[in-house]
Amino acid sequence: MGSFYVTTPIYYVNAEPHLGHAYTTIVGDALTRWHRLLGDDVTYLTGTDEHGLKIRQAADAAGTTPQEFCDRIAPAFQRAWERLDIANDDFIRTTEPRHHAAVRELLQRCYDAGDIELDTYSGKYCVACEEYYTDDELLDDGLCPIHKRPVDHFEEENYFFRLSRFQDRLLDWYAAHPGAIVPEFRANEALGLIRGGLRDFSVSRTSLDWGIPLPWDSDHVAYVWFDALTNYLSAVGFGDPAQDHTQRWPVDYHLIGKDIIRHHCVYWPAMLMSAGVELPKGWAVGGWLLVDGEKMAKSTGNVVNPLDLVDTVGVDGFRYYVLADTTYGSDGDFSYDGLVARYNADLANNLGNLMARVATVVAKKCDGVGPAPRADSPLADAAAAAVAGATTGWDAVSPSRALEATWGLIRATNAHLEANEPWKADPGAEVDAVMGDALEALRIIAVLTHPAVPGTAAQIWERLGMTGALDDQRIPDAVSWGGYPGGTDIVKGDPLFPRIAS
Ligand code: MSP
């Protein structure tokens, strides 16, 4: 038990929320719910990134002011997360006063430390990335390696953050904190960037007004990445003399996509070192969800709206798919057929079917009242293995592993029923014993599936007649064998996951 602070990237408001945004946000939500079950005092932060050239251009194209534009799109993210059952504690927008205060404070500290200096920048810039590139980083035809589109030439007087001074300090820090970046192969990518040599980066602009003015030179606004990264501190009170950000900071995990490793694992820790702020405890780097082999992005035109998918497979069907189908860290391939296949196999045939058959047999053979489980049930070991596997999986920020272990118990319980065929037996002690075991397994399954499919898990909990809110349960007590008391009315209800014709 302790405190746990986890963040998602803040999403650019130049596009409506898409599957890629939903993916990272659902992973954060599942992790949050797992840590709440552990009894941790969790802060889950997400939000929107609203400054910079990209947003200014999107607002211009829409014929509105940037502020109006942001005010229109940011709520679309909030609504999408509500619809997806995201239990974030805070939603930060970089146009908020609390964020401005934090950015000014961080900039000033780095400036006072002598790590921000005036210089002239001349080079290539990708507006979609809001990132500078050298010629050798661009594709052969001079296009941005991420967006495959032309870059702009920029030349202006900027303040620079002296990142080049931080190479040794960063390498030493990562050497002293092994495992800070998960999964490990993503840590190697970050270290590769640092070892490859660090270029100073510009932290201000004079050619743009849509940003936060530098505290010591109001002709310049802060570069959007310096501004954006600071959100993680703004939300916990940094820059506000009335608050103590160290109550929450350092963050336990920044969840990020592999596209923003450089900013989060190189720029950000160097900025924090310069400012004398403690470094994050961890980063969990996810891959991309690809559609037809391409990263989903507005500029690629292959955007999948998560809310359309929810109409087909339900909120939990969608959440389960993104958590279970892709190993966090690696790229995943999104396909509609894959979504439906997983839904039918794991949710309709396995979890949904288990609930339905247990309730049906209890209705027919036990007068609808659940028998108590046996202490020496053959399912007790399967339950312990599922708890151990789920714990290891969530601990490593590997939802697919955690769910694989959880589904092990669902499969074992279905197999237990099939081996004993209580539906064929006469009512009596033997049927009671088998059904008591199955009910207890389902109770544990409700707790273990709560992070991934909270709505469904709560329904299972209620149908079993368990009292108290499911999300008030605490691990390990709530998942130790024997918690189902017996004697409750078991409710059959509608199918949890009606099969979808494929
Ligand atoms: N605003 C910056 C982040 C600033 S954080 C201080 C940004 N925003 S973004 O909206 O373009 O994307 C942010 C994140 O969304 C990615 O890093 C990734 O976590 C997630 N994804 C966006 N597209 C994705 C996929 N196609 N697949 C998986 N995740 C993706 O970058």
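Hydrogens, waters and symmetry mates play no part in the numbers below; they use all other heavy atoms, side chains included. When a ligand or atom number is given, it counts from 1 through the structure's own listing order.
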Distance-only donor-acceptor hits, side chain of residues 140-151, under 3.5 Å, sequence neighbours excluded:
none

Under 4.0 Å from ligand 1 - residues by heavy atom, chain and number: Pro9, Ile10, Tyr11, Tyr12, His18, Gly20, His21, Tyr23, Thr24, Asp49, Trp225, Ala228, Leu229, Asn231, Tyr232, Ile256, Gly257, Asp259, Ile260, His264, Gly287, Trp288, Leu289, Lys295, Met296

side-chain hydrogen bond (donor to acceptor under 3.5 Å, both in side chains) partners of residues 180-197, not counting sequence neighbours, each pair once: Arg186-Glu189

Could you pull out all residues at least two apart from Ser398 that satisfy side chain to side chain donor-acceptor pair (under 3.5 Å)? none

Flag the pair Phe166 / Phe161 as yes when their ring centroid distance falls below 6.0 Å, and as no otherwise. yes

Among side-chain atoms of Glu50 and Thr94, is any donor-acceptor pair under 3.5 angstrom? no

Polar contact flag, side-chain donor to acceptor under 3.5 angstrom, Thr246-Asp244: yes

